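Atom set for the values below is all heavy atoms of this structure, side chains included, hydrogens, waters and symmetry mates excluded. Only a predicted model underlies this, so the values are computations on that prediction, with no experimental measurement involved.
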Amino acid sequence: MRRLVLVGGGHAHLFVLEALGAAPDAGLAVTLVSPTALSLYSGMAPGVIAGTYAQRAAQIDVERLARSAGAAFVAARVVAIDAAGRRLYNDAGGPLDYDQASFDIGAATALEIPVDAGATVVPVKPLEATLIALCGPIAGAVAILGAGAAGVELAFALAARRAAVTLLDLAPTPLPSFHPRVRRLAARALAAAGVTWRGNAPAAAVARDGVTLRDGGHIAAALVVAASGVARQTLFTAAGLPTDARGALRVGDDLRCTDHPQLFAAGDCAALAGHPRLARSGVHAVRQGPLLARNLLAATRGTALVPYRPRRHSLALLSTADGRAILAYGGLAGHGAAAWRLKDWIDRRFIARFDR
C-alpha cells in the first residue's frame with residue numbers, strides 16, 4: 001500500500017479529500033491528521049463574530065469528510081518531521097510513516113512588540129481561538145493592530161456588536177495593498193460604522209490599558225486584537241527543510257517541496273519559490289486545492305504534475321456587517337447589498353460542498 005498523510009484540515013485539503021472520495025484508489029492508504037474534527041471556513045469567521053452566522057454554520061466536519069473518502073482520521077497535531085525517514089511525529093500517539101505527505105496547517109499571527117503581563121491580546125490566527133475570544137461579551141474598548149482585510153472585517157464585525165473599536169496601522173489608509181478606490185470605500189464605511197481610524201500609527205507596546213505608539217501616544221483599550229502579520233513557522237525549520245524567512249515550506253509551482261519531492265504544502269504554510277510575493281490569503285488556498293489534489297494523486301502514481309498559476313487579480317468581498325459588503329477586483333470597487341448577497345452565496349455554497 002502507498003501511504004499518503006494529509007496534515008491539517010485546511011481549505012486545500014478539502015479538495016483532496018473530495019477527489020479521493022470521487023475516485024477511490026484501493027492501493028492508497030490515506031490518513032488525515034488534524035487537531036480538530038471541525039474546520040472553520042475563514043470567509044465566514046467575521047460573520048460568526050458579528051452574529052450573522054451560527055458557528056456551526058461556518059464549519060466543515062473534516063473527520064466525516066475524511067471517512068467518506070476512505071481516509072483514517074487522527075485527532076492530533078504534527079510536532080516533528082523526519083524527512084529522511086519519511087516519518088511524522090504527533091502529540092497524540094505513535095509515529096506515522098508516509099510515501100507522500102501534504103501540509104495545509106495555516107499560520108499563526110505575529111505580534112512583534114512587547115506585551116505587558118495582564119494585557120488581553122487576541123491573535124487573528126488561529127481562527128478557532130479568535131472565535132472563542134471574540135464571540136463572548138466585549139467589555140470595554142477594542143484596538144485592532146493591522147488594517148489588512150482581516151483587521152478591517154473584524155473592525156466591522158465588532159462595531160456591529162456595539163464595541164468601541166479603534167483600527168490602527170503603519171499605513172496611512174486601511175487596506176493598503178488594495179486599489180485606492182477600495183481604500184476610499186473602506187475608509188468611508190469604517191467611519192459610518194463608528195470605527196476610529198488611526199493611520200501612520202506604529203504600535204510600540206501593548207499595555208494593560210491599551211496600545212502605546214512609537215510617537216508616545218496612547219490608545220485606550222481593554223482588548224487588543226493582533227491582525228498584524230504571520231508568525232514564523234517552526235515545524236519545517238526544525239526539520240531542516242527549505243523555508244522562507246517566515247518558516248513556510250518552500251515549494252515549487254507544483255506545490256512540491258523543492259528539496260524533498262515526497263512533501264507538499266498549500267495555503268499559508270507554503271512559500272512558492274516562483275512567486276515570493278504571493279499574498280497569504282485563503283483565496284490562494286482554495287484555488288490551490290484542486291491542483292494539490294491532482295498533483296498528490298499524480299505523485300502517488302508516478303505521473304506528471306502541473307503548476308499552480310496565480311491569477312493577477314483576486315475577487316475580494318469584505319463584509320461590513322450591515323447587510324452590505326465591499327467588492328474589490330483589481331481597480332473595480334463597490335459597496336452595497338448586492339456584494340453582500342454574492343459573498344453570502346459563495347460562502348454558503350463552499351460550506352455546502354464539503355459539509356453535506
Side-chain angles (χ1 to χ4, degrees), residues 1-42 55-56 58-108 125-129 131-132 233-239 241 247-249 251 255-257 260 262-270 285 288-289 292-293 295-297 299-300 354-356:
M1 293 287 286
R2 292 159 288 140
R3 300 160 299 180
L4 170 62
V5 179
L6 306 176
V7 182
H11 300 350
H13 278 171
L14 302 177
F15 292 90
V16 178
L17 293 170
E18 180 186 60
L20 290 166
D25 186 336
L28 184 64
V30 183
T31 302
L32 173 67
V33 184
S34 172
T36 60
L38 296 175
S39 176
L40 180 66
Y41 174 47
S42 60
Q55 182 170 332
R56 183 63 184 91
Q59 292 173 318
I60 294 165
D61 190 333
V62 291
E63 179 178 6
R64 183 172 63 188
L65 183 62
R67 298 199 187 284
S68 69
F73 178 81
V74 177
R77 191 183 305 275
V78 168
V79 295
I81 305 166
D82 175 6
R86 299 190 188 182
R87 178 169 288 184
L88 304 174
Y89 296 90
N90 63 75
D91 59 3
L96 292 168
D97 295 325
Y98 64 86
D99 295 296
Q100 277 82 30
S102 177
F103 294 83
D104 187 13
I105 55 176
K125 297 179 180 180
L127 285 171
E128 288 78 7
L131 285 190
I132 293 171
Q233 291 268 6
T234 59
L235 178 64
F236 304 121
T237 52
L241 297 171
L249 185 66
V251 298
L255 306 182
R256 185 165 56 177
C257 178
H260 294 270
Q262 300 81 25
L263 300 177
F264 290 73
D268 285 352
C269 71
Q288 289 167 1
L292 177 65
N295 283 355
L296 277 173
L297 294 176
T300 65
F354 298 109
D355 195 65
R356 299 189 180 98

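- Checked options Val33, Leu255, Leu88; the residue passing with Phe103 is Leu88 (criterion: side chain to side chain contact (heavy atoms under 4.5 Å, CB included)).
- Closest approach of Ala12 and Ala266 over heavy atoms only: CB-CB, 3.7 Å.
- Scanning both residues, Ala76 and Ala92, for their nearest heavy atoms gives CB-CB, 3.5 Å.
- Between Cys269 and Gly106, the shortest heavy-atom contact is CB-O, 3.6 Å.
- The shortest side-chain heavy-atom distance between Leu38 and Ile60 does not fall under the 4.5 Å cut-off.
- In this view, Asp61 satisfies the salt bridge (Lys or Arg N to Asp or Glu O under 4.0 Å) rule with no residue, not counting sequence neighbours.
- Counting only residues at least two apart or on different chains, the ring pair (Phe, Tyr, Trp, His ring centres under 6.0 Å) pairs with a member in residues 16-42 are His11-Tyr41, Tyr41-Phe350.
- Judged as a side chain to side chain donor-acceptor pair (under 3.5 Å), and not counting sequence neighbours, Gln59 has no contacts.
- Under the side-chain contact (heavy atoms from CB on, under 4.5 Å) criterion, Ser39 pairs with Val62, not counting sequence neighbours.
- With sequence neighbours excluded, the residues forming a side-chain contact (heavy atoms from CB on, under 4.5 Å) with Ala239 are Ile81, Leu241, listed by chain and number.
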For Leu235 and Val79, what are the C-alpha separation, side-chain angles and deciding distance, and is it a side chain to side chain contact (heavy atoms under 4.5 Å, CB included)?
CA-CA 7 Å; Leu235 178 64; Val79 295; 5.6 Å; no
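- Among residue pairs with one or both ends in residues 70-94, those qualifying as side chain to side chain donor-acceptor pair (under 3.5 Å) are Arg87-Asp97; sequence neighbours excluded.
- Using a distance-only test at 3.5 Å, with no hydrogens or angles considered, a donor-acceptor pair links the side chain of Gln288 to the main chain of Gly267.
- Gln233 pairs with exactly one of Asp268, Leu249, Ile105 by the side chain to side chain contact (heavy atoms under 4.5 Å, CB included) rule, that one being Ile105.
- Residues passing the side-chain contact (heavy atoms from CB on, under 4.5 Å) test with Ala66, sequence neighbours excluded: Leu17, Leu32, Ala71.
- Residues satisfying the side chain to side chain donor-acceptor pair (under 3.5 Å) test with Ser102, not counting sequence neighbours, are His13.
- Atom CG of Leu292 is separated from atom CZ of Phe15 by 10.5 Å, given to the nearest 0.5 angstrom.
- At least one side-chain heavy atom of Leu296 sits under 4.5 Å from a side-chain heavy atom of Leu4.
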Carefully, step by step, assess Cys257 and Phe236 under the rule side chain to side chain contact (heavy atoms under 4.5 Å, CB included).
CA-CA 11 Å; Cys257 178; Phe236 304 121; over 6 Å; no
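- Residue Val30 is tested with Val16, Val5, Leu20 for a side chain to side chain contact (heavy atoms under 4.5 Å, CB included); the sole match is Leu20.
- Sorted by first and then second residue, the salt bridge (charged side-chain N to carboxylate O under 4.0 Å, His left out) pairs with a member in residues 9-21 read Glu18-Arg353; sequence neighbours excluded.
- To the nearest 0.5 Å, atoms CG (Leu131) and CD (Gln55) are separated by 5.0 Å.
- In this structure Tyr98 satisfies the ring pair (Phe, Tyr, Trp, His ring centres under 6.0 Å) test with no other residue, sequence neighbours excluded.
- For the side chain to side chain donor-acceptor pair (under 3.5 Å) test, no residue two or more places apart in sequence or in another chain qualifies with Gln100.
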Apply the test side chain to side chain contact (heavy atoms under 4.5 Å, CB included) to residues Val251 and Phe264: give CA-CA distance (whole Å), side-chain angles for both, the deciding distance (0.1 Å), then the verdict.
CA-CA 7 Å; Val251 298; Phe264 290 73; over 6 Å; no
Intermediate values then yes/no, side chain to side chain contact (heavy atoms under 4.5 Å, CB included), Arg3 and Leu96:
CA-CA 9 Å; Arg3 300 160 299 180; Leu96 292 168; over 6 Å; no
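- Applying the side-chain contact (heavy atoms from CB on, under 4.5 Å) criterion to Arg2, with sequence neighbours excluded, gives Asp25, Leu28, Asp99, Thr300, Arg301.
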